[in-house]
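All chains are named by letter (A, B, ...) in the order of the sequence lines, taking the proteins before the strands, and each is independently numbered beginning at 1. Any value given below was found using the heavy atoms of this structure, including those in side chains, with hydrogens, waters and symmetry copies removed.
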Amino acid sequence: MQQYISQLNEAQREPVLQKDGPMIIIAGAGSGKTRVLTIRIAYLMHQGIDAFNILSLTFTNKAAREMKNRISDIVGSSEAKNLWMGTFHSIFARILRSEADKLGYPSNFTIYDSQDSLRAISGIIKEMQLDRDVYKPKQILSRISTFKNSLITVKAYFNDPDLQEADAMSKKPRMGEIYQNYVDRCFKSGAMDFDDLLLKTNELLTRFPEVLAKYQNRFRYILVDEYQDTNHSQYLIVRALSDKFQNICVVGDDAQSIYAFRGANINNILNFQKDYQGVKTFRLEQNYRSSRNIVEAANTIIDKNKTKLDKVVWTANEFGPKIKVHRSLTDAEEGRFVASTIFEQKMQNQMTNGQFAILYRTNAQSRAMEDALRKRDIPYRIYGGLSFYQRKEIKDVLCYLRLVINPKDEEALMRVINYPARGIGDTTVEKLTVAANHYKRSIFEVMQNIDRIDLKLNSGTKQKLNDFVTMIQSFQVINENQDAFYITDHVSKKTGLVQELKKDATPEGMAKIQNIEELLNGIKDFTEGQREIDGARGSLAEFMEDVALATDLDKDTSDEDRVALMTIHLAKGLEFPHVFVVGMEEDLFPSAMSMSTRSELEEERRLFYVALTRAEHQAYLTYAQSRYRWGKLTDSEPSRFIEEIDGQFLEYLTPAESNYRFKPMIDKDVFGDVDKSKLRLAKPLSTTPPKYITDNQPKPEAQIRKLKPVSANAPSGAANLFDNKLTAGNIVMHERFGRGQVINLEGVGADKKAEIKFEVGGIKKLLLRFAKLDIIG
DNA sequence: AAAGGGGGGATTTTT
DNA sequence: TCCCCCCTTT
């Protein structure tokens, strides 16, 4: 143990040795906070604290797992496995399962992910016959989420005239009813959404003092990582649990608080000293991760924020290269810059793919990057976005499994009751829903009793309903004795899901089947892993317990060498030698939706701080002057954040903007999705396309479009000569597409196009001014 | 009841 | 550009 402690610097050692009482560690980026937390926990155990008495809350499951592994290395795995370590959501889901009966929930309650919640809300709005344009499901859901995270129950809502008035003012007078219906519907389904996991924990601890006492006594030492991103609900749980022993250690960095949009309250960390008596404060300010240039540049950014704790991050590392700033004309070109830079760096400095990360503000930006990387044959992995477990085909399987565990789960039932199609249509489902509401039973219960209630269903439909019930029940029987892998494999076959997918022979369809195979492999791993755990048998219930809480970050098992692509939010806590922060543009980063208030802008700035401090050695900031946004080419200005960095830390790779300012030469409404970078550089009628285009080998179609005219009276070349000669029926030869026959001609003058059916590659429309065609017959 | 086509909306971030 | 929902047709 001593050797681990002696490896720490002074500032790190102090909080490790501070055993009791409330304490806060303000940890700058890259200051070794995970290390401090790990060693602190190990040291607590070394001093005789039972692992059962330590609760450690992290921000992601992955962080928990990694920390647990590191602790195992120090104290041995048999000791470490008893630690309570995980996210708020997963830890309290576990506690709620064992205490569920007190709240009237089954212990096998379902956890609704945001998709489920949204569908439930949409359904309610439809049932209430409200206007979906006024009551936008997404908005409603996020409002309900805000309520729950602030512990505003339905009852509290109706006791608060201000809230009701606010909703009435925004033309949503029935907000409260929707909230009520949503809560009822979840309860009836035996389901909790993400926010419920925290809200119900609070309810449990408040309403049942003996339960509170039990967990207070159990968790004598509590550690909370990323405390700056806790919300009010989480804050109250921590307060309640730590109240008796006051051995609470929170770790965080106010400069890295980036989740206010989902209710995180930065004041939790700013005010921690006031919440407990005799708080000891520790600061970790030495950065071990990044070069001096990056650390100091990041400091100049965060200095712009007013709301912050007193802290100066510094480093003893070497200066390193300056931050490189690159401007490009389009998002596609930005992608090419990133890809070719990675390519060159790998060549020149023997770097691996895994040493690069591409970070962006929005998931939609990944596409341009993916395209560019693919063309360079650089392997990559995208994190986040639509997670694996939310893909349609996976979700379908999971919903059948959810029904096996909890047949009251209405969202699951609605999703699969007629998929694959089995003749149970909207009308029937409608009748079932009405009956369920009438009898105050779940839809599944109504279906079980379908022969005893008169719903004016014809016998064929009744038979289909009975078949469905029988099928689910047969799964339940099998589930009693078999493990999660067996039942999942069985379900995916017996429900016809796999056969359904096999009908689709497209690459997308094949990918779906592969995804299901991947799911099965994952479950196989899980069941085998569970066998090693005491008392677990790898059952479906064990697997389903927290799939809703699993993210892609958690199933990152492959150790393949790939470039990482992810949002900045997802990158928090990670580090890479080379980091590209792309899309450094106004309205994108900072986001157009986060510039109305100072605090929103400050959060964006913290987000930028997080992005930059992920880099160990080299950071790149790139921006494009125009990019595709919702399908349209839009112009953009460089992000203010670039200017906010002291110029001494930057190296501009592209000439100053004023010399190069691109003036659109064409009306983009007329030419649609014209790629400006090509327009500027393309010599319209050169015999070969510009070199970089051939390098990248775009699809033929794409190239045609990219070579559209610079102006309506562009110089004409050989192709132009065909204007009048070419007629439908001609056999022509094209440089790239080969032999084909003209089917049709349309347009006049410069816009004249020929529709040509090529022997290879099908029918294409070519602008005659550009198409290099030889008439051969 | 099923399937396919048309129209409208979306993009800020996630446990 | 893509995805989802609704409406139409069969």
* Give the C-alpha distance, both sets of side-chain angles, the deciding distance and a yes or no for ring pair (Phe, Tyr, Trp, His ring centres under 6.0 Å) between A:Y105 and A:F187. => CA-CA 7 Å; A:Y105 271 87; A:F187 185 75; 5.1 Å; yes
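- Atom CD in A:E226 sits roughly 14 Å away from atom C1' in B:dT14 (whole-Å rounding).
- Put simply, CG on A:L432 is 15 Å from C1' on B:dA1, counting in whole angstrom units.
- As judged by a 4.0 angstrom heavy-atom cut-off over every strand, A:K392 is placed among residues making no nucleic acid contact.
- To the nearest whole angstrom, the two C1' atoms, one in C:dC5 and one in B:dT12, are 24 Å apart.
- Across B:dT11 and C:dC6, the matching C1' atoms stand 23 Å from one another, rounded to whole Å.
- Taking atom CZ of residue A:R415 and atom C1' of nucleotide C:dC4, one finds them 13 Å apart after rounding to whole Å.
- A:N149 has its CG atom 12 Å from the C1' atom of B:dT14, to the nearest Å.
- Counting any heavy atom pair closer than 4.0 Å across all strands shown, A:Y259 reaches sugar-phosphate atoms only and no base atom.
- Atom pair A:E603:CD and B:dT14:P shows a separation of 12 Å (rounding to whole Å applied).
- Residue A:T60 places none of its side-chain N or O atoms closer than 4.0 Å to OP1 or OP2 of B:dT15.
- Side chains of A:R94 and A:W84 form a contact here, defined as non-hydrogen atoms less than 4.5 Å apart.
- Heavy atoms of A:R606 sit nowhere under 4.0 angstrom from any nucleic acid atom.
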Scan nucleotides 2-12 of chain B against the protein and return all N/O pairs shorter than 3.5 Å with their distances rounded to 0.1 Å.
residue	atom	partner	partner atom	Å
B:dA2	OP1	A:G423	N	3.1
B:dA2	OP2	A:N418	ND2	3.0
B:dT11	OP2	A:K138	NZ	2.1
B:dT12	O2	A:R361	NH1	3.4
B:dT12	O2	A:R361	NH2	2.3

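- Along DNA chain B, the nucleotide closest to A:R262 and the one closest to A:T461 are compared, and the more 5′ of them pairs with A:T461.
- Using cut-offs of 30° and 60° for the angle between ring planes, the A:Y259 and A:F59 rings count as tilted.
- Rounded to whole Å, the distance from CZ on A:R65 to P on B:dT15 is 13 Å.
- Judged by the 6.0 Å distance and 45° axis criteria, A:R143 is not positioned over the aromatic ring of A:F147.
- Nucleic acid contact for A:S114: base, since at least one base atom lies under 4.0 Å from a heavy atom of the residue.
- As rounded to whole Å, 7 Å separates atom P of C:dC3 from atom CZ of A:R367.
- More than 12 heavy-atom neighbours from other residues, nucleotides or ligands sit within 6.0 angstrom of NZ on A:K308.
- A salt bridge does not link A:E585 to A:R629: none of the charged side-chain nitrogens sits closer than 4.0 Å to a carboxylate oxygen.
- At a threshold of 4.5 Å between non-hydrogen side-chain atoms, the residues A:L37 and A:S56 do not count as touching.
- Counting to the nearest Å, the C1' atom of B:dT15 and the CD atom of A:Q390 are 11 Å from each other.
- Remark: A:K148 is not in phosphate contact with B:dT15, judged by side-chain N or O atoms under 4.0 Å from OP1 or OP2.
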